[in-house]
Each structure stands twice: as structure tokens, then as C-alpha cells.
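Side-chain atoms are counted along with the backbone in the values below, which use heavy atoms only and exclude waters and symmetry mates. Chain A is the first sequence line, chain B the second, and so forth, proteins listed ahead of strands; every chain is numbered from 1.
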Amino acid sequence: MAQDERKTEPDAAARIRETQASLARSRSAQAASVPLIGPSTARYESREKVTGQARYAGDVGPVGAAYAYAISAPVARGRITRMDVSDAQRVPGVLRIYDHQSMKGRVKPLAILGEGGYAATSLTPMSGPDIAHDGQIVGLVVAESYEAAREAANRVKLDIQATKPSACFGDPGLRTRPLSEVRKTKMWKDPKVGNADAAFSAAPLKVEAEYATPTQHHNPIELYSTTCMWSDGRLTIHEPSAGVNILKHGVAEQLGIVPELVDVISPFVGGMFGSKVAVTSRTVVIALAARDLGRPVKCVSTREQGFTNATHRAETRHKVKLSCGTDGRLASYGHEGSELTSRTDAYTVNGTQNTVHMYAWPALDTKVLMVEADRNTPGFMRSPPEVPYMFALEVAMDEMAEKAGIDPVKFRQINDAQTSTYENKRFTSRSVIQCLNQGATAFGWSRRNPRPGSMRDGDWLVGYGVAMASYPTVHVPAAVRVRVLADGTAAVQIAAHDPGTGAYTMAAMIAGQELGIDPQKVRVEMGDSRLPPGPLAGGSNTTASICNAIAQACSNIRVRLNVAPGQAVTMALTSGAVEEYLDWAPPGLEAAKAMTANYKGQPEFWGGAAGADALRFAFGAEFVEVRVHARTREIRVPRITGAFAAGRIMNKRTAHSQLMGGLIWGIGSALHEATEIDRRASKYVNDNIAEYLIPVNADIPAVEVIMIPEDDREANALGIKGVGELGNVGTAAAIANAVYHATGKRVRDLPIRIENLLPDVKRV
Amino acid sequence: MRAFTYQSAGSAQAAVGGTSDKPGSSDKRGDGATVFLAGGTTLLDLMKLDVSRPAALIDIGEATQQLSVIEATAAGLRIGALAKMSAVANDTAVNRDYPVVAQSLQMAASAQLRNMASMAGNLLQRTRCSYFRDTTWARCNKRVPGSGCDALEGMNRLHGVLAVSEQCIASYPGDFANVFVALDGSVEVLGPRGARTIRAANLHLASGDSPAVETTLHPGELITALYIPSGPHTRRSAYVKVRDRQSYAFALTSAAVAMDLQGGTVRDVRIGLGGVAGKPWRSAEAEAVLRGQPFSEALASRAGEAAFARARTREHNAFKPQLGALTLVRALMQVHGMEV
């Protein structure tokens, strides 16, 4: 072991590299004893959650709190000429009403996350009379009660000079630019290999088609809430956040105060799916109101306000060109994606960065276009690049397989790429073939009659469909404190986040395992910016990042106490405690730089296609049966099977839940979810969860999740790839392909609805 | 939501005593009205959205005991106005003798809502038109009489194709009311001027004719009971509801069918259609095609076409006449095949 050298090594990065190497060596030694699929452990906080004991940010109701209600812009584009608050001010209990004039100059500009800032939108809240999107916060009422604040907000009269907005693709007045010209801080090069046009022209079999995905909203059950309170110049924010350090630094910058004066507390997050990571407009204005009034101010956004005050998944369009030879080998891949964004921010998911690695095409040509409309800025939503781009690719693959007369499972196996043709990188592991084989067997794919419309059960047309899932394996730097006490317990502190995924339990499991103690004796603290800065919950990084960080910290303790692997480290402690504070960085990042950024709430992601040596990705194959009523065309999904290979699975139960939840979301994506926009006004129309549909229990009779053991200690020391987002990639394509198989109708726009499948729509 | 006064009434008489027959009193439509509160599953939503702004609520929850009897006799089915949707949906006699009633309730809303919502409140459920429910839209003849209709050229997938007009295309969203009108039900009403009975067919006004005033209830009147006469058609009956997901969704189209079938001939038939009309809809046209004829799929298709012959569609609901007709055919085939 190298512990003696480490003691004398002054360079932190080198020290960490060495520790990691040491850790990797000790892992290899005990590889046989580490199960690739971990134990099935219920969340330690599950009882607290189901009995209502868990205290979420919105449960915080400080003594003496005032309540805020945001005034939303009723139009998507225009200028406020007058805000008449006389009627509103008469509502008993109203304390203060803010407009852009009273907030002017008080909020400093903040760039968006990924562009050097922390915000979800670069629009500075309430900074002027101009309206850039429907629902924009243009005022804030603070009152003694929520009801009074809401009533007063409803009584505010706005005079607005409205301008005709541009809402969607195809509308006049949009601005379209290639992403390669838009990117400000990061270089973006559209992936390209060989001459795809020439290969396409020369190929005997071709598919050229256009695909579309709709706007979607996260709609976490827990609404977007914020409670701010000041004490001696120190701000405490209670807000459901999956990026407590992002919120801390972002709001500090907006307020022009040092981040050390801002604490963010968010122990539990009631669902978020990407929507509670970046700083939204509401927080800073509530913080200012709390400071002005000298008392805590609480604001819970309504479901409707959540549609415009938070982010959403952008609408996309795709032009895909595939070609192959008569042997079924792909000759070319062309993909032009267009993403709708706001006029203020070019938020992009650029999914081609991942789709280019899917298959063994010798030539490829891709392009991403940004289309700016009068909308609020979109943002991360579960599997941001993959959901739209893999939908387009995986339906095109189905179309190509049919043209080639090859079974779609076999077609994907023929074209599997162990080395990506783009930049000629190998994968640290890629179990596509295994996923397809095991999934197909479990599902009973061999019973599929390839002819569309050939399978039927009573009144229902039956279709089988398949599509691939893939998701990059990424890691984020993390600091962690592990403390081992002589009483046999331990504590782990890390400002990571558990938005229901089971991160708390996983942290306890890995610490227990590495320290040789019962995981239930490990107390885990997360979701608090006062803790060592951990990763945001995004990009499915949490398990890989925090488990590697915690394992290393524990291993360091073991070394310090000189306890052999397999034995409880606590045996070496007779009194007191031992503590290890560790800065962990993914091996591919320059450690010192990555850690500096981490302490600024600017986490750097590493992994996926970023590794110089190899590609790090998880894969899956999804098989669905759909039933379409022969007469009235309702589309139902009686069963779905997903087979996934995502490296080491820490907790079988919570990983299963993540993958199952992903598959269910994929069903929603295919058949239910879409935010409807009135194009005349660029306003969301179904901004509630009665008309914005997601699957209900009755829509999900059977979900089968298969986790294929995959040993990949090259992806990272523990071999963890992450499963939070993998499950809902490709699902919509599998369903679209199954709908085609059932009916012979190829639907390329999501969601697929009854009217798309009616034989002949009468236009009266 | 705006400030309002609240009082509780322990009986129908007490509730009605708290109102008057002056316009606005017990009128859900205008600002400043006195409104009865039962399950609250529509009213409270609309108040929070600032769409309904009553001055006073009279909570009739305490009258539940008095007004929630479910009584099936040889003559018909009498249901107290405050019987919960779930109670009627689960009632043995209703399931046996009026399957279409039970099914329309079982397929409505969610279990939680059915446990809250009263039968009379369900009848009076208001439209889900987004332009009605969101006050930032300027034009809504239902919300602001005379202002116009933003739904005509807007997102109108859920909107009506029958009993609609250029004034309003809001669809009636409920399920049971379509059954109620098809089975020629009636409501018993108590008001400041006494009691009266209103036939279901005369209770609702069509969105297209009368966007702002939705029923013929007078100010201050309270529904106390619902009545459905039995007949040789009520046992052979079913409700088919077509929707984007399997449960907890409003109907894109639905069909209520009750049929008296004798030796393969349709002696009598009652047809209600949901999700397609500006009020609870009974299709006299479809019934006329079927009545007295030997049943066949071709005849059912002709009935489906007749039901939507006068449909007027918009951009996003252009599929409804076709889907509505297919839904009716499916319901007719199902009912025809029933063992009774």
C-alpha cells in the first residue's frame, strides 16, 4: 500500500490520483467479493416519507412569516405601461406589492447554468417593463396570509402594450441559428465523419423522415416553493433544490453579497426530474421581500405558475437520414435536430453528441439548429438529449430495418459498434447485444409476426416494438466528510441531493460497506449548502460521484486506522472519533481546477464522450407490447420489458425503481405528455395536471426490469454507471414502433394519439 | 379566490332559506352570488382560479344524511342530491338494474373525487375549456358575456361539435349527465318559491345557445334528488368511454346506450353522448335510426353517422364526429351482445 508516500505528497491532485490508484488496486483484489448487483435495501427514510414525518422545504412555516404570491404576465410579449394596485392594496392583510419599478436595479444579472452562471434563465427578474414570455413574474404581493396575497394579485390590473409573439416551429418571426454559431462559452462542433451525403446517395436502401417531440413539463408532485429569512445579514433559503450550492452562489450573485452569507436547506426533494437544479426567478425577489419586511417570507407557486416560472423540455424537430446495404449494414447516418428555445437563452441539449456513438455507420453528418421564440427558457428534463434525439433515431432504425427486411432486434445487433466511428473511441463497456438478447427472450420477441397489422387479440390489434436506450456515465466532483465514532457509528456529510432516488440509502450502504459497519449505523446528511459541496442531482451522476467519493474517504480512514479490509474500522477506536474530509474529483478532470469550481457551485461534468481514452455509456434495450382498439383506436401498453446494463448496481431495489419509473415515463412520453400551446398568444393551455396527462396506475399493468451484471471498473473505480435517466430513453420509440407494428401506421410526432390512428379524419 | 362569507345549512329547507330569488342568488355564474357548496370539486377549483367569485357560500354538507338516499323500486331509481358518486357507482341495485349509470360513474374522475363529489354537483359540473378556466384570456362568453370566444381558433381538441356555436364551443365534460338525459331522468328542486321537478332534457342549456347561463335552475333553487324511471331498456345498458389514458381522464368521446331488444329487433333505445356536445347530449337522431329495426352492425354504423350529421368541428376536434360515431357503434355492439 502507498499510504506512506501519500503522507509526504504535497500536491493535492497527485495525492488524490494516488489514493484513487490505491483504491482501484484494493478493489481489484476484492473484486470477486463485490456483487455487481447489490443488495435490495428499502430507503432508510421511507417510513418517514410515507407517514408524513419527512420535512420538505415547503413544510417550513417559520413563526411570523409573511406570504408571497407572484403576479404573472398574461401575455408572451409586450411592455407594461401601468400597474394599478389600488384595488389590490385594499385587500386586508396586504403588506407590500412589488413591481418592476420598485425592484429596478436591485437584482444583479445572472448567467444561465452551463454558461458561467447558475440561473435557469438569464432574464433578470422584475428588472424592467418588458415581457419576454407568458407567465413571467412581473410583480409580487406579500401579505399576512397566502389567501390575501393571492386575492390581491388577482386584483392587480395591468395595462400592457402587447406585441404578437412567435410561439412554435413554423411561426413567423422566429430566429434560427446553427448551434455552432450560438455557443458562447463552449466550443460546439457538429459531429461529422466521411461523406454521409455521398454514402446516402450510393446506398441501395434509404430512410429519410422527419420526427417531432412536444414541449413537456416536469410537474413534480411537490410544487416549487421558497421560504427566505434573514438573520444578522445572513440569508437562509428553504427551497426544494437539487443544487443547493448552485442556488446559494446564484442568489448571492443576484443580491451582490458574498456566498458565505447564504445558506440553502433542502433535505428532501419531492420529485424534480431536472426542474429544481438551476436558479429560477422567484427566489431572489422573495429574498429581497424578506429583507425589506424584516420577517420570513414564504411563497408556494401554483401548479399553473410552475409551467412558466420553472423550466420545461423543449419542443424539437428532427430530419433523419439512414442508409444501408442489402446486407443490413448501415452506410450513413444524417441527423439535423432543431430545438426551440427562448429569445433570451440558447438552451440546448444537442443530442447528436450521444447518438453518433450508437451504431457502426461509416459516415455521419449531423447538425443542431437553435430556434428562438417568445417562450420561457427550457431546461433539463430527465434524459434531456436522449429523449428527443433517440426517439427520432430509434424510429428511423425501425423503418430502416423494415426496408432491409431484417428483424429490428437483429438489425441493431448487426450494426452494434464496439468502437464508435466518431473519433474512433472504444467503449469502456458496451452490453448492447446482451441487453437485446436477454430482453428479447424475457419478452417473448420470437412470437412476433413481422407483418404489420397481423397480430390480434379479440377487439384489440397487437403490436411489438423495440428500441435502444443509452445514457452517458458522468461524474461530478464532490467533497465529503466522513466521521467514525468509537460507539460504532459513523456520519457522512455531503451536499448531494436525494430527490426520491434513494441517494441517502446508497450513501449509507457504501459507507457501511467500506467501513465494515452496519449501514443503518451510518447517519447521512445531504441537501444543505453548509455541508461539504456535493454534486447537483443531474445527469444521473449522483451514485457514481458520491459513492466513489465516500468509498475513498472511508478507505482513507481505514488506512489511517490501519484496519484490514473486511474488518470494522471502529474496532481501532476506543474513544473519540476520527474524521476524514476529502475532495474527490473524477479521474479525467484536472483535480485542483475541478475542486475550485466545485466550491463555487460550478460543478464540472466528466464522463460520457469526454474521456480521451474511451467512451463511458450505459445501455438498455426496451421491448413493448401495445394494443390498439380495432374500432376506437385507444392505445394501451399492457406490458413492457427493459433490459439494462449499467455497471455495478449499488441498491437493487432503488435502481429497479429508477428504471421502472423511467419506463413508465417513457410510456407517458409516447402517449400522454404534451404541453399544448396556443400559437396565437404563445401561452400554455393545459397548464394543470388534469389536462396535462401522465400515466395512471391503470395504464401500467406490467413492467419488467432486467439488470444485467456488467463489470466495468474502467468507467470509474467502483464501476457505477448511474440509472436515473437511462430508463426513459428510447421507450417512446419502442412504443411508436409497436404502434406501427399493430396498425401499419407510422406516427413520427409525439404524443401518439387516437386521432393519429383513425382511418380517415373527416374535415367538416 | 376572493373573500366570501360562509354558512352551513343542516337541511335543504335551511339552505334554501338562506338564499332569495333575486338574480345572482344561488347563481354560480355571476360575481357576488350566493352559492351552494357540496363536494366542492368544481366550485373550489374555480374560486381558486378566480373564475368564480361568489359573495357567499352555503355549505350543505350537513344535509348529507337527509339528501343521500339511494332507492331502487320497480318504478325507478331515486338518488338523493348529496349521494356521493362512489356510493351510487358501488350500489348493488344500480349495478344490476342500471349498469349504464354505474359504469358512467365508475369511469368518471378518480376514486378520491368520486368520494367527494355529490350527484347533483356532478350534474352541474362545469366545462374544462381552458379559455374559461384561465382569466388571462380576454374572450370568453361564458365568463365575460359578450366578450367573444378565444377557443374558436385556439386549442380546441376537447371542445364540442354538437350544441355549440360561434359564441361558445365549450363541451359539457361529465359522464353521468349524458346517461341521465338519455334515460329521461328528472331532478327535484327546492327553491324560495317552493318545489318543482325539471326533466333532465330541460335542465341544461347548450353552450352554443346560452354560454353564460348554463341551466334552467332559478336563483336560489337547490336540487334535492335525481330520479330515473326504469324501463325494459335499463338492464341492457352500458357506457363506453374513449380517452387518452385508461383512467382519470375526461372523455374524448363516450356513448351511453340502453336498449330494449326483442328477438333481434330494437324495440326501444336510449343514446347519450359525452365529450362531444355543449350540454349533456341525447341523440334523438341515432335513436330514430335504430328504433323498430332489426339490429346489425351496419345499422349501428348508420346510427353513428346520424348522431353526428350536424356536427360542426374545429381545428383540433375534427376527429370527434368519426370517433364519436365509432364509440357509439362499439357501445351498441356491446349492449347488443349482453346477456340480460
Side-chain angles (χ1 to χ4, degrees), chain A residues 72-75 91-92 134-135 146-148 150-151 153-155 158 302 304 459 629-637 667-668 671-672 676-681 683-691 693-701 751 753-764, chain B residues 1-3 45 48-50 53 109-110 113 128-131 133-138 150-151 153-158 161 173 240-250 252-253 255 308 310-331 333-334:
Chain A
S72 309
V75 303
V91 174
D134 176 50
Y146 173 76
E147 289 74 15
R150 181 174 60 186
E151 175 168 357
N154 284 333
R155 288 179 185 271
L158 290 167
T302 64
E304 293 77 13
D459 288 337
H629 195 275
R631 208 183 289 273
T632 45
R633 304 278 153 170
E634 294 106 306
I635 313 157
R636 301 291 183 252
V637 182
I667 294 172
L671 303 176
H672 306 123
E676 291 172 346
I677 297 113
D678 187 305
R679 297 179 73 141
R680 300 164 303 174
K683 280 163 74 75
Y684 300 134
V685 172
N686 58 337
D687 52 356
N688 62 72
I689 48 175
E691 269 93 22
L693 301 184
I694 57 168
V696 295
N697 273 322
D699 291 300
I700 313 294
R753 284 175 162 168
I754 291 171
E755 55 262 44
N756 302 130
L757 303 181
L758 289 170
D760 180 25
V761 176
K762 270 191 283 185
R763 302 257 172 210
V764 181
Chain B
M1 190 178 275
R2 311 217 167 185
D45 269 11
K48 289 177 189 170
L49 293 170
D50 207 31
R53 302 166 180 179
S110 66
L113 286 166
R128 295 294 306 188
C129 173
S130 302
Y131 301 91
R133 291 172 58 87
D134 179 349
T135 59
T136 64
W137 292 100
D150 271 322
E153 308 300 328
M155 295 302 294
N156 43 38
R157 181 169 183 257
L158 296 176
V161 296
V240 170
K241 183 172 179 178
V242 174
R243 41 190 164 168
D244 291 314
R245 65 182 175 192
Q246 183 66 19
S247 180
Y248 196 16
F250 294 99
L252 290 172
T253 59
F308 290 93
R310 290 187 292 145
R312 281 192 291 181
T313 64
R314 292 276 160 185
E315 184 180 357
H316 306 107
N317 66 7
F319 66 94
K320 278 199 174 178
Q322 186 190 13
L323 184 63
L326 291 167
T327 307
L328 176 55
V329 174
R330 181 171 157 190
M333 299 297 290
Q334 185 179 325

Contacting region of [X] [heavy-atom separation from chain A under 4.5 Å]:
X      : result
B/K48  : both
B/R157 : side chain
B/A138 : neither

Out of [options], which one racks up the most heavy-atom pairs below 4.5 Å with chain B?
options                        : value
A/R679, A/R631, A/E676         : A/R631
A/H672, A/K683, A/E147         : A/K683
A/R636, A/E304, A/H629         : A/R636
A/I754, A/T632, A/T302, A/D134 : A/T632

Open item on the list: Working to the nearest 0.5 angstrom, can you tell me the gap between B/R243 CZ and B/T253 OG1?
Closed with: 11.0 Å
Task: Counterpart residues, side chain to side chain contact (heavy atoms under 4.5 Å, CB included), relative to A/N154 (two or more places apart) - done: A/R150, B/R2, B/D50
Side chain, backbone, both or neither: which part of [X] has a non-hydrogen atom closer than 4.5 Å to chain B?
X      : value
A/N688 : side chain
A/I694 : both
A/R155 : both
A/R680 : side chain

Heavy-atom distance under 4.5 Å between the side chains of [X] and [Y], does that happen here?
X      : Y      : value
B/D45  : B/R133 : yes
B/P321 : B/T313 : yes
B/F308 : B/L328 : no

TODO: Decide, yes or no, whether a salt bridge links B/E153 with B/R314 under the criterion of side-chain N to carboxylate O below 4.0 Å.
DONE: yes
Task: B/R330 and A/E634 ion-paired at < 4.0 Å - done: yes
Task: Contact summary for A/L693 and B/D244, nearest pair of heavy atoms - done: CD1-CB, 3.6 Å
Task: Between B/M1, B/M155, B/R245, B/M333, the one whose heavy-atom pairs under 4.5 Å with chain A are most numerous - done: B/R245
Task: Top contributor to chain A contacts, counting heavy-atom pairs under 4.5 Å, from B/Y131, B/F250, B/Y248 - done: B/Y131
Open item on the list: Under a 3.5 Å distance rule, please check whether B/N156 uses its side chain to pair with a backbone N or O of B/H316 as donor and acceptor.
Closed with: yes
